[in-house]
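Remarks on the structure that follows.
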Amino acid sequence: MPPAAVVPTLELRGVFQHVGAHCALADISLGVAPGQGLLIIGPNGAGKSLLTRLILGLDSPSAGSVHLFGQDLATTGDPGMRAIRRRLGAVLQGGSLINGLTVLENLLLPLRATPMSRNEMNRCARLVMTQLQLDGMENHRPRALSIGQRRRVELARALINRQRLLVWDGLTDGLDPPAVRDMIAVLQVQQTSGDLTFIATDNNTVEAIAGDDRVLVLDRGRVLFDGTRGALQACADERLDLRYILRGQP
């Protein structure tokens, strides 16, 4: 028998999104396979955060469909959506940590709905804290942390339950290049060992991804490019629109 077809972790089919009379996303179609990394780049207002909200099921498209793990979000009922969201992790712009809780308490939140014992939950939290260089910060409150440390805590919480899909909106926000590379390295280990699918957005940074990773360039709600970083750099030498986005100048 032929091998079963691989079900994409994410699939967008002809997605449009209108904000009032404005078409903010136009005919977006793409598939992201299990274990694949995708960086979505583009200038402010390109539609990256709006696309992120559609991927996470926080908004519904004006037309077209969004499929996660083979399920159409428009036809998935509440129990199905709860099951899907248990497989998702997200790091969102503006942050989502609860200031009244400690770092450790924030990390344990996603595990409370699991059958894990308290000791098992603590072990998971300690492991991911070590991976992201957060040891010794378990009793700190988020407001006492730097922006970069808060981003690390958010990433740790997004990974703690071995989610199958991580969506990170604003990859380099509040982080210097070495910190971004450190966290990308953690994600690449997760991808290799557990088929984690990783989707991130950023304004124009491509340095954090490897040459074979996939890049999608978005501008004014439309896809200008979809391919590897190496192909993007070569294509930008020939195309003014891509060169402007990547370098901020013609």
Side-chain angles (χ1 to χ4, degrees), residues 1-19 22-42 46-93 96 110 113-114 155 157-159 161-171 187-188 190-202 209 212-228:
M1 294 179 61
V6 176
V7 176
T9 300
L10 167 70
E11 188 175 11
L12 305 180
R13 301 177 184 173
V15 166
F16 287 78
Q17 184 71 325
H18 290 82
V19 179
H22 173 62
C23 183
L25 293 172
D27 199 17
I28 307 293
S29 295
L30 62 92
V32 185
Q36 187 175 39
L38 172 66
L39 178 63
I40 303 171
I41 65 173
K48 303 184 300 297
S49 293
L50 187 58
L51 184 57
T52 296
R53 292 184 60 84
L54 295 180
I55 292 171
L56 292 172
L58 300 176
D59 291 328
S60 299
S62 303
S65 60
V66 179
H67 299 251
L68 285 177
F69 311 109
Q71 299 184 55
D72 185 346
L73 298 189
T75 59
T76 301
D78 289 342
M81 279 305 304
R82 285 194 293 271
I84 286 174
R85 288 196 169 116
R86 283 195 292 269
R87 305 168 75 183
L88 300 178
V91 180
L92 301 176
Q93 289 185 352
S96 57
T114 72
L155 178 57
R157 190 174 66 180
L159 293 175
N161 204 22
R162 297 188 64 81
Q163 283 84 349
R164 311 303 294 172
L165 171 62
L166 173 69
V167 179
W168 188 345
D169 190 20
L171 177 64
L187 292 171
Q188 288 172 336
Q190 297 278 342
Q191 286 177 276
T192 302
S193 63
D195 279 343
L196 173 73
T197 303
F198 170 46
I199 300 173
T201 73
D202 202 56
I209 59 173
D212 290 335
D213 282 341
R214 182 177 171 192
V215 184
L216 185 142
V217 181
L218 195 66
D219 187 32
R220 298 180 223 181
R222 289 168 170 79
V223 174
L224 299 185
F225 175 89
D226 184 357
T228 66

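What you see is a predicted model, and the numbers here were worked out from it, not measured in a lab.
- A donor-acceptor contact shorter than 3.5 Å links the side chain of Gln36 to the backbone of Ala33.
- Remark: Arg87 is positioned above the aromatic ring of Phe69, its terminal NZ or CZ atom under 6.0 angstrom from the ring centre and at most 45 degrees off the axis.
- Ser65 and Asp72 share no side-chain donor-acceptor pair at under 3.5 Å.
- A distance-only check finds no donor-acceptor pair linking the side chain of Arg164 to the backbone of Pro34 [under 3.5 Å].
- For the side chain to side chain contact (heavy atoms under 4.5 Å, CB included) test with Leu218, the passing option among Thr201, Leu25, Ile41, Leu224 is Leu25; the others fail.
- Using a 4.5 Å heavy-atom threshold, the side chains of Leu68 and Thr76 count as separate.
- Under the 4.5 Å side-chain criterion, counting only non-hydrogen atoms from C-beta, Leu56 is in contact with Leu92.
- With values rounded to the nearest 0.5 angstrom, Leu50 atom CG is found 11.0 Å from Lys48 atom NZ.
- Under the side-chain hydrogen bond (donor to acceptor under 3.5 Å, both in side chains) criterion, the residue pairs touching residues 50-62 are Gln17-Ser62, Arg53-Asp59, with sequence neighbours excluded.
- A salt bridge is defined here as a Lys NZ or Arg NE, NH1 or NH2 lying under 4.0 Å from an Asp or Glu carboxylate O, and Asp226 with Arg214 meets this definition.
- Residues Ile199 and Leu166 fail the side-chain proximity criterion, which asks for heavy atoms closer than 4.5 Å.
- Interatomic distance, Leu73 CG to Leu54 CG, rounded to the nearest 0.5 Å: 9.5 Å.
- Closest non-hydrogen pair, Ala90 versus Ala158, comes out as N-CB, 3.7 Å.
- The two residues Ser29 and Gly14 make their nearest non-hydrogen contact at OG-N, 2.8 Å.
- The shortest non-hydrogen separation linking Asp169 to Ser49 is OD2-OG, 2.7 Å.
- Taken from CG in Asp27 to CG in Leu12, the straight-line distance is 11.0 Å, to the nearest 0.5 Å.
- Phe16 is listed as a side-chain neighbour of Cys23, based on a closest heavy-atom distance under 4.5 Å.
- In terms of heavy-atom proximity, Gly35 sits nearest to Thr197 at N-OG1, 3.1 Å.
- Rounding to the nearest 0.5 angstrom, the gap separating the CZ atom in Phe198 from the OG1 atom in Thr9 is 14.0 Å.
- At distances below 3.5 Å, at least one donor-acceptor pair connects side-chain atoms of Arg85 with backbone N or O atoms of Gly57.
- A donor atom on one side chain and an acceptor atom on the other are not found under 3.5 Å apart for Thr114 and Arg86.
- Pairing each heavy atom of Trp168 with each of Leu155, the nearest pair is CZ3-CD2, 4.0 Å.
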*List the steps and the verdict of side chain to side chain contact (heavy atoms under 4.5 Å, CB included) for Val66 and Leu10.*
CA-CA 8 Å; Val66 179; Leu10 167 70; 4.2 Å; yes
*Please test Leu216 against Val223 for side chain to side chain contact (heavy atoms under 4.5 Å, CB included), starting from the C-alpha separation and ending with a verdict.*
CA-CA 7 Å; Leu216 185 142; Val223 174; 4.1 Å; yes
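- Rounding to the nearest 0.5 angstrom, the gap separating the CG atom in Leu88 from the CD1 atom in Ile55 is 10.5 Å.
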